[in-house]
Amino acid sequence: MSALLARLRLPVVAAPMFLVSGPDIVIAAARAGIVGSFPTPNCRTAEELDAWMTRIVAETAGAPGLWAANLVTHSSNARLADDLALVAKHRPPVVITALGSPAPAIAAVHAYGGLVLADVTTEALGRKAAAAGADGLVAVASGAGGHTGSLSPFAFVSVLRSFFDGIVCVGGGIADGGAVAGSVAAGADLVYMGTRFLAARESMASDAYKAMVIAAGAEDLVVSPAITGTAASWLKPSLTAAGYDVGNLGAAPPRNYGGEPTAKWRDLWAAGQGLHAVTAEEPVAAIVDELERGYDAAFARLSDRRRT
């Protein structure tokens, strides 16, 4: 793992969440010693993205953690060139690409010494991203919120490690410190954790969204490509409230990740299988404290059980 990531208090990324992750949660995560991230489409314009990044750079200076920008590299994202220009300007230490090849981001990010991690949902996509020059692979596994995969986290880490010796980050139902420790023990360098931070005080999620996350369990989730064209994990009550028939969501539409972000899916709320761990609205710092306690306790258990 790179020296940049080795300085983290915990090997955790507060994952980029559509219309949920903004400057407040990114800054709080970096100050708590983990990686805070946000999707650039959460900003309606390049000017707004410039302002967000300016603030994040200023308020994470000297923080023990890091910040990351998440870029949609799918061909439908007409704003990708503008977003990349702002990445080159503000130099996020980590750039995470999603829904497309990491290739468009690599030259710009490597030019200033940053790291490019690529979201992948299959072994084939992992091999393509590695061949394109990604520094790391984010294994989006079964149980992840939002756009999700179908492989179990442990199986996915193992298969990626069979051909890739770069950074491996894994996400999918990982919601406590013990699961973070288990992921590291299985070969991951980092853990993607979104759902655990959905109800954070610094999250941009609405009060109703946070309340639904706190009240829901894994049985309240449905995975379907019918909303965005890509398989994603949704909270059933939010789909029902928006007029969808959860039992018959229909076929997948064409994938299109451009345009006005708040005009699409604004009231359709995603979450992953880590819902059980979200029991109240609390600050990011308190969540990270709890994760650290669980992480340390898990490694203490492993040490006690180790064969001698």
Side-chain angles (χ1 to χ4, degrees), residues 13-21 37-42 68-77 80 83 95-102 104-105 116-126 128-129 134 136-153 156 160 168-175 190-198 203-205 209 213 218 220-236 238-239 242 244 249-259 261-262 264-275:
V13 179
M17 294 177 281
F18 185 58
L19 302 182
V20 170
S21 305
S37 65
F38 74 98
T40 60
N42 281 0
N70 174 219
L71 297 175
V72 172
T73 54
H74 190 263
S75 58
S76 65
N77 181 12
L80 178 58
D83 287 1
V95 169
I96 304 165
T97 63
L99 300 168
S101 170
V116 176
L117 310 186
D119 271 10
V120 297
T121 55
T122 66
E123 176 184 353
L125 290 175
K128 288 180 179 180
L137 303 176
V138 179
V140 182
S142 177
H147 291 128
T148 189
S150 59
L151 292 174
S152 82
F156 208 170
L160 293 180
V168 170
C169 178
V170 63
I174 299 169
L190 291 169
V191 165
Y192 232 30
M193 192 177 289
T195 300
R196 186 65 184 86
F197 292 97
L198 266 172
S203 159
M204 296 194 306
Y209 190 175
V213 167
D220 297 305
L221 298 173
V222 61
V223 175
S224 174
I227 309 302
T228 71
T230 299
S233 178
W234 303 98
L235 283 160
K236 293 178 185 177
S238 76
L239 298 181
Y244 284 87
L249 290 172
R255 297 202 302 165
N256 185 344
Y257 306 110
T262 57
K264 297 181 296 187
W265 325 313
R266 179 179 54 196
D267 299 318
L268 306 179
W269 298 334
Q273 292 179 11
L275 283 165

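When reading the values below, keep in mind they use all heavy atoms of this one structure, side chains included, and skip hydrogens, waters and symmetry mates.
- Remark: Asp83 pairs with Thr40, Arg79 by the side chain to side chain donor-acceptor pair (under 3.5 Å) rule, at least two apart or across chains.
- By the side chain to side chain contact (heavy atoms under 4.5 Å, CB included) test, Pro153 pairs with Ala141, Val170, sequence neighbours left out.
- Residues satisfying the ring pair (Phe, Tyr, Trp, His ring centres under 6.0 Å) test with Phe197, not counting sequence neighbours, are none.
- A donor-acceptor pair under 3.5 Å links the side-chain atoms of Thr73 to the main chain of Gly100, judged by distance alone.
- The 12-atom threshold is not exceeded at NZ of Lys128, counting heavy atoms of other residues, nucleotides or ligands nearer than 6.0 Å.
- For Ala270, the side chain to side chain contact (heavy atoms under 4.5 Å, CB included) test picks out Tyr209, Trp234, with sequence neighbours left out.
- Under the side chain to side chain donor-acceptor pair (under 3.5 Å) criterion, Ser233 pairs with no residue, sequence neighbours left out.
- No side-chain heavy atom of Asp119 sits less than 4.5 Å from a side-chain heavy atom of His147.
- Residues passing the side chain to side chain contact (heavy atoms under 4.5 Å, CB included) test with Ala118 are Thr97, Pro102, Ala129, Ala134, sequence neighbours excluded.
- When atom types are taken as modelled, the side chain of Asn42 and the backbone of Met17 share a donor-acceptor pair closer than 3.5 angstrom.
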field: Pair Leu275-Val213, side-chain contact (heavy atoms from CB on, under 4.5 Å): steps then yes or no
entry: CA-CA 6 Å; Leu275 283 165; Val213 167; 3.7 Å; yes
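- Looking at heavy atoms from C-beta onward, Ile96 lies in side-chain contact with Tyr192 at the 4.5 angstrom threshold.
- In this structure, the side chains of Leu221 and Gln273 come closer than 4.5 Å at one or more pairs of heavy atoms.
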